[in-house]
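Data block below; observations after.
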Amino acid sequence: MIKVTVYITLKKDVLDPQGKAIHVALNNMGFDKINGVRQGKLIEINLDTKDFDEAKEQVKKMSEQLLTNPIIEDFTIELE
Amino acid sequence: MIKVTVYITLKKDVLDPQGKAIHVALNNMGFDKINGVRQGKLIEINLDTKDFDEAKEQVKKMSEQLLTNPIIEDFTIELE
Amino acid sequence: MDVSLIIFPGANCDKDTSLAIKHITGKHPKHVWYKETTLPKSDLVILPGGFSHGDYLRSGAIAAKAPIIKDLIKKSADGIYVLGICNGFQILTECGLLQGSLIKNNSLKFVSRNVRLRVIRNDTIFTSNFKENEDVNMPIAHHDGNFYIDDNSLKKIEEEGRVAFRYIENNAKHSPYNPNGSLNDIAGVYNDNFKILGLMPHPERAIDKITGGDHGAKIFESMFHSLSQ
Amino acid sequence: MNKEDYIQHGLNEKEAEKLLEGLGREPTITEMGIYSVMWSEHCSYKSSRHWLKNLHTQGKQVIQGPGENAGVVDIGDGLAAVFKMESHNHPSFIEPYQGAATGVGGIMRDIFTMGARPIALLNSLRFGDINHKKTKYLLSGAVSGIGGYGNCVGVPTVAGEVGFDKSYNGNILVNAMCVGIANINKIFYSAASGIDNPVVYVGAKTGRDGIHGATMASGEFDKDSEKNRPTVQVGDPFTEKLLLEACLELMKEDAIIAIQDMGAAGLTSSAVEMASKGSVGIELCLDELPKREENLSAYEMMLSESQERMLMVLKPNKKKLAEEIFLKWGVDFSVIGKITDTKKIKVIYKDKVEANIPICSLADDAPMYVRPIKTRKVDKNLTPQKTNISFKEIILKILNSPNICSKKWVWEQYDRTIMANTIDKPGGNAGIVRIEGTDKALSLSCDVTPRYCHANAYEGAKQAVAECWRNIVSTGAKPIAITNCLNFGNPEKPIIMGDFVSTINGIRDASITLDFPVVSGNVSLYNETDSVAIKPTPTIGGLGIIEDLKNLSTIHTQKDGDIIILIGGNGKHLGRSIFREVIFNAEDGDAPSVNLNNELNNGNLILNLIKNKFVNSVHDISDGGLIVTIAEMIISSNIGAKITFQNNLINSTSDHEKLYEEMFGEDQSRYVITVSSDKVQDTINQCTKYDVSANIIGNVQKNNLEIDGLVTISNNELIDSYESVLPSMMNIK
Ligand SMILES: Nc1ncnc2c1ncn2[C@@H]1O[C@H](COP(=O)(O)OP(=O)(O)O)[C@@H](O)[C@H]1O
Ligand SMILES: [Mg+2]
């Protein structure tokens with residue numbers, strides 16, 4: 001079994017209200033050296049295969065077809 | 001400036017409806033080698049400091065105090 | 001007029017929408033389960049609101065991959081009319097029939113409210129029974145209604161007159177009139193041939209004065225009027 | 001098992017003996033777990049059962065009183081309303097979003113288990129002091145959890161209440177209520193029957209959610225304690241929606257013999273309750289249980305509180321049909337056992353008998369205590385207080401206080417209009433939902449005033465019932481029945497048990513006189529942290545019927561020039577009032593008492609006036625007294641009012657005490673109505689006929705609240721004070 005993680009982040013120009021809210025909240029709590037916060041998602045997928053290339057290929061397809069919305073999101077894939 | 005990323009995942013036994021729904025959807029799309037899907041969050045924080053130890057320390061505090069819910073979530077921190 | 005309603009698991013405005021259609025046209029629409037592969041003969045297909053598949057990945061994302069959507073995309077190329085309400089709008093953007101994306105409300109909270117809207121044009125089949133620039137009220141109820149699109153596409157949508165409804169000033173205090181941070185106060189958009197409409201407000205909840213207004217009825221009346229000719 | 005094991009399972013020495021006697025031998029660990037949850041306060045009602053019997057539960061329209069998943073009342077046209085309220089206090093304090101969300105999910109299952117489609121949700125929430133460090137977090141989490149669940153399932157949240165008081169700093173309250181509509185001939189009950197009939201599990205898979213913390217520490221589980229750590233229950237509203245649709249679809253067929261949701265104590269309590277009610281036995285084979293994780297033990301499976309699950313007994317020949325329906329909706333379906341004639345619950349896992357217990361030992365023979373009680377002393381005196389602040393400041397300060405201010409920040413997060421039957425906007429008298437396909441509507445409200453209950457549990461409980469009744473009456477609805485949720489501290493303290501008993505008496509007396517029977521409810525005890533108990537909080541949820549939607553009334557339909565009439569007499573009572581709380585920070589005096597006969601008579605008068613279309617607007621008087629009632633009417637309509645008090649009151653400025661009483665007194669059974677000038681005489685005549693005092697106190701005017709000779713406040717100033725509190729509290733930048 002191979003565990004693959006997809007890291008999904010918002011594209012640079014897309015507004016991130018969640019990130020902003022976290023930033024403000026952290027400031028209020030006294031963390032004052034923060035220069036920016038962005039929130040993203042991660043999705044861990046366990047695959048029944050031993051073939052790393054296949055796993056990567058499959059998860060890339062999943063990411064493009066379902067897991068991300070290319071209008072607003074970018075992604076990277078990591079295999080374990 | 002140091003960029004720190006907090007990866008937040010649900011604790012092992014906690015129900016993950018999101019992950020379940022994604023799993024089913026991927027199956028329906030024909031991806032049939034999936035053995036489990038879990039969804040988590042990632043939060044990227046830019047800190048105005050050059051001190052890696054301080055950055056790590058600060059983000060650890062933020063994670064414990066605000067970013068995660070220790071009752072249902074675990075987290076790891078990565079510095080760049 | 002033949003109307004079909006696509007039902008996704010987790011849809012929850014299907015009954016209301018069905019009743020609204022019945023109320024206006026005297027006939028219930030056909031219900032089509034998301035797993036089917038072909039739509040029955042229809043002049044108009046409606047994607048009702050709700051939380052398809054729990055909206056667990058992104059609102060509308062999983063529904064957009066349903067088998068029936070393939071056929072919807074095909075039939076819309078052949079000229080069928082499509083209306084997506086709330087979650088239906090989100091599904092239409094996720095499957096590419098409408099441009100843009102509906103991201104989290106800028107308040108980060110679900111918002112349920114009666115909003116004031118301007119009907120931007122009354123020359124489409126969805127709005128022919130409104131006056132030009134008529135101002136109306138309709139309920140909204142959503143977590144992800146913040147219409148986002150890149151600058152160039154936004155400009156193009158505006159130039160082509162494809163904004164269907166905009167949130168406008170009302171006299172409610174202590175809350176902004178734009179309930180979700182939508183670019184240019186957009187509450188609904190058309191595709192490039194004005195045959196597909198997506199909107200966040202719920203016209204099916206506004207067809208009776210006693211339950212908070214009947215301005216939504218005009219959308220159904222417009223469609224009935226235009227498509228029954 | 002040794003003494004430690006029993007203690008860790010929450011059983012004292014006497015209870016341990018009782019267990020051994022009932023079982024006739026040493027229990028296995030699984031049996032110990034089953035006893036521990038069945039005999040817990042939550043499931044056995046051991047401190048409250050004796051007293052709950054005293055509630056008034058009969059009525060012409062009652063089809064099913066307490067004892068089933070929910071209460072059922074006849075609402076005419078072949079329809080029944082099914083409703084209940086339940087607490088989710090402790091889980092919401094630990095994890096406010098999930099705790100509140102699963103509270104909503106749980107109460108909805110109680111409703112659709114009985115064959116009713118849920119059509120409305122309500123909730124009653126109590127948080128600590130608004131300046132307490134956890135309050136904002138808890139408020140924000142609980143509210144979004146309630147919305148997150150109900151909105152997704154698609155049931156409108158139409159009414160509720162939110163209160164703040166320091167006694168909830170360590171124990172917030174989340175009480176959720178659900179109302180459903182069923183065909184009167186198609187109500188489903190939980191009594192199992194038919195030897196060998198299949199017992200079927202449907203819904204989400206079982207995981208390690210919510211297994212009772214204390215019970216987990218027992219010997220056998222220490223080996224791998226990390227793995228066995230109990231986890232917070234997470235709600236999955238999407239699965240709930242599928243389960244709901246699948247159950248309602250199956251209920252159209254003649255297939256279900258008995259059905260029961262898996263709530264607290266999960267599979268254990270649902271299986272035992274079904275068998276107990278049907279006087280049969282039940283045998284479960286856990287190998288067939290849909291599981292989320294490998295390696296669950298029988299103990300864990302029996303005690304898991306995973307959400308969105310149901311247990312049913314089916315007619316054997318309908319198994320296939322049922323399975324098809326559940327599979328279509330994508331919900332797990334598994335035959336996990338059968339009904340037996342043994343009157344025992346037998347649990348088998350991997351060919352081993354894990355438990356075999358007589359049902360009556362778990363249910364009927366569960367411990368019951370008549371605990372010592374002590375009645376609280378009521379102090380009727382008010383400490384004299386003086387203030388220099390102006391009337392204008394007083395009024396604005398009260399409107400700006402957390403317990404009076406607008407709760408829009410909360411209810412805008414709830415979908416109120418889904419199902420397209422919601423009538424009034426929140427913040428009125430009660431939530432109103434049309435009954436699909438008719439001209440009738442249900443009027444719904446939940447109420448309690450803990451500061452009264454704290455002063456005087458008996459009067460406070462009466463008041464809670466009366467206020468609920470009054471809210472429903474104000475909409476033009478005939479009140480039908482109530483549910484309740486009794487939230488108290490530690491019942492082993494005589495003073496708290498005393499409050500509890502007085503509360504039961506108060507609810508009983510009020511519901512008898514008002515013909516407002518109790519049909520369902522819930523008890524939540526041990527709401528204490530570090531020995532500090534919450535104020536007694538017996539939340540009352542009421543249901544009434546509007547026979548014709550043309551005859552409903554609201555708080556915001558007054559017309560310029562209307563005459564304002566105060567029904568039920570002048571205010572006098574300032575004990576435990578909002579006025580004294582906000583202005584003097586005082587918690588003193590007695591609760592206002594309710595004359596139940598007057599309450600009934602005044603309410604009947606109001607219903608008569610509404611029916612005759614004499615009134616344009618109606619609002620009951622409660623928290624904050626007359627002026628707050630009028631201010632709320634103004635804020636809701638943006639139409640002002642001019643009020644005139646008797647000259648001698650205004651002129652004797654040296655002593656404002658009398659004015660305070662009239663303006664802010666919280667005397668009960670009172671209403672403010674507005675009437676067009678041509679209907680005033682008719683209205684007064686009716687009041688005379690009912691022998692109810694009716695004082696003309698002013699008239700409706702456009703732009704401000706003017707109290708003659710005292711103060712003028714613009715509508716906008718009222719609105720600003722009232723609306724700004726929660727938004728600014730929750731968005732501190
Ligand atoms: N305070 C009360 N008033 C009336 N009935 C009550 C009260 N508390 C509990 N009940 C009744 O006792 C039964 C068991 O309640 P509960 O354990 O909350 O049910 P569930 O198993 O559905 O959670 C129900 O029929 C309920 O209506
Ligand atoms: Mg139940």
Exercise. Chain B heavy atoms under 4.5 Å from A:M1: which part of the residue, side chain, backbone, both or neither?
Worked result: side chain
For this session: Find out whether A:K33 and B:E54 are in side-chain contact, i.e. whether some heavy atom of one side chain is under 4.5 Å from a heavy atom of the other.
Result: yes
Exercise. Using non-hydrogen atoms only, which part of B:K3 is less than 4.5 Å away from chain A: side chain, backbone, both, or neither?
Worked result: neither
Throw together a table of side-chain donor-acceptor distances under 3.5 angstrom for residues 35-44 of chain A, partners on residues two or more places apart or in other chains.
| unit_1 | atom_1 | unit_2 | atom_2 | d |
| --- | --- | --- | --- | --- |
| A:N35 | ND2 | B:D48 | OD1 | 3.0 |
| A:N35 | ND2 | B:D48 | OD2 | 3.2 |
| A:R38 | NH1 | A:V14 | O | 3.2 |
| A:R38 | NH2 | A:K11 | O | 2.8 |
| A:R38 | NH2 | A:V14 | O | 3.1 |
| A:K41 | NZ | C:L57 | O | 3.0 |

Exercise. Rounded to the nearest 0.5 Å, what separation is found between the CD1 atom of B:I45 and the NE2 atom of A:H23?
Worked result: 9.5 Å
For this session: Measure B:L67 against the heavy atoms of chain A and call it side chain, backbone, both or neither at under 4.5 Å.
Result: side chain
Exercise. Can you say whether B:T5 sits under 4.5 Å from chain A via the side chain, the backbone, both, or neither, judging by heavy atoms?
Worked result: neither
Problem set entry | Inter-chain contacts: residues 73-80 of chain B against chain A, heavy atoms under 4.5 Å | none
Exercise. Can you list the steps and then say if A:N46 with B:I34 is a side chain to side chain contact (heavy atoms under 4.5 Å, CB included)?
Worked result: CA-CA 6 Å; A:N46 285 319; B:I34 301 171; over 6 Å; no
Exercise. Any idea which of B:L66, B:T49, B:T9, B:D32 has the most non-hydrogen atom pairs under 4.5 angstrom with chain A?
Worked result: B:L66
Exercise. Hey, what do you get for CD (B:Q65) to CZ (A:F31), rounding to the nearest 0.5 Å?
Worked result: 4.5 Å
